Amino acid sequence: MTKHPLILAHGGAGVRAMTRTQRACLAEALAAGYKLLHHGSPALDAIETTIKVLEASGLFNAGVGARLQLDGTRRMDASMMEGRELRAGAVAGIEQVRHPIAAARLVMDKTAHVLLVGAQATAFARHFKLDCQKQPTPAQRRAAIKALPHRDRLTVAQRHTLRLFERMEGRRTLTGEAGEARETVGAVALDQEGTVAAGASTGGIALMLPGRVGDTPLIGCGIYADNEAGAVSMTGLGESIIRIAVAKEIADCLAAGAGPASAARLVLAKVARRVAGAAGALVLARNGRFAITHNTPRIVAGYWDGTGKPVVRDKFK
Ligand code: GLY
């Protein structure tokens, strides 16, 4: 039976209000994804296209806008999953590519694996000649180091080592303002065949140790999609989302018959109660009902089903 297609996208949850350019970009991304759904393309194609628009914009913490890690390197994570055959692909700690979501798609389509990491993920993307992005200049790296809270007269290398040590010792830095996750991007969609898909892409969080991986590339944590339940894409501090396996937990609630809003509220309440976390979720049930839910002050997000114009807001309570 032909379903009425629908797409949702987000540009992160946190405290900051959405800018006008972010609003316009999200609307453009939703329109690009919906156009494919309207013409009968699979949900996977729609979310890849939508996320690529967000990655290319430089307005979010993903793709060309991804933040630098503590060593001045941009490492990115992305994942995608479809709900008909439960196929999934992901990359973590990938460097240099313009569209990490395209690398995740290639892992899904061209390998027998789900997740590639680090230098090998970067080499894999290079093998398939994915578009590259400009690398941070030495001046940008220096500016990133200068912007860090701790400064003294040591050499850059010494400061770097000291910072790593402090970060490892000081768990509070991961939950404080500096560690707040903002502006990860993601999308979920339902296509005309009734298949759901989910995806996400991020540059991680501020002050993260090189090598840190968040929820975004972890299937069941940052995203999940199953035609027997629905599709979920998360944003928020990965360290909280991973420990609850949030996306799969919400999908399980949908499969058990909960509506998208109550499933999301239930699991986000658990995130707050059990790990003192805050997050935002796009939740799309297999029947097309959906919710955009957050226990952060704001989430930059929107949806479109082809009627009127894409709806984009930064509060959905
Ligand atoms: N949710 C993005 C991250 O924690 O890396």
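Remember, it's 1-based here, ligands and their atoms both numbered in the order they're listed. Treat the numbers as computed from the prediction; the structure is a model and nothing was measured.
- Close approach of ligand 1 to G214 is summarised as follows: ligand atoms under 4.0 Å from at least one heavy atom of the residue are 5 (O).
- Listed by first and then second residue, the side chain to side chain donor-acceptor pair (under 3.5 Å) pairs involving residues 99-117 are D45-R105, E48-R105, E55-H99, R87-D109, R105-D109 (not counting sequence neighbours).
- The distance from the CG atom of L284 to the CG atom of L6 is 5.5 Å, given to the nearest 0.5 Å.
- Those atoms of ligand 1 that come under 4.0 Å of a heavy atom in I205, given as number and element, are 4 (O).
- At a 3.5 angstrom cut-off on N or O pairs, D215 counts as close to ligand 1.
- Here I250 sits in one hydrophobic cluster together with V232, M234, I241, I244, V246, L254, V267, L268, V271, V275, V283; the rule is ILVMFWY side chains under 4.5 Å apart, joined directly or through other members.
- Below 3.5 Å of separation, one finds no N or O of G204 facing any N or O of ligand 1.
- For ligand 1, the atoms lying closer than 4.0 Å to a non-hydrogen atom of T216 are 1 (N), 2 (C).
- Using bins of under 30°, 30° to 60° and over 60° for the plane-to-plane angle, the ring pair F290/Y303 lands in the tilted bin.
- A salt bridge links R212 with E239: the closest approach of a Lys/Arg side-chain nitrogen to an acidic carboxylate oxygen falls below 4.0 angstrom.
- Of all atoms in ligand 1, listed by their number and element, those nearer than 4.0 Å to a heavy atom of T184 are 1 (N), 2 (C).
- For a threshold of 3.5 Å applied to N or O pairs, the pair formed by D77 and ligand 1 contains no separation below that value.
- In terms of heavy-atom proximity, A200 sits nearest to I51 at N-CD1, 3.7 Å.
- Residue I241 places no N or O, backbone or side chain, under 3.5 Å from any N or O of ligand 1.
- A salt bridge links R16 and E183; the closest N-O separation between the charged side-chain nitrogens and carboxylate oxygens is under 4.0 Å.
- Within ligand 1, the atoms closer than 4.0 Å to a non-hydrogen atom of G238 are 3 (C), 4 (O), numbered from 1 in the order shown.
- Counting heavy atoms under 4.0 Å from ligand 1, residue R212 touches it through the side chain alone.
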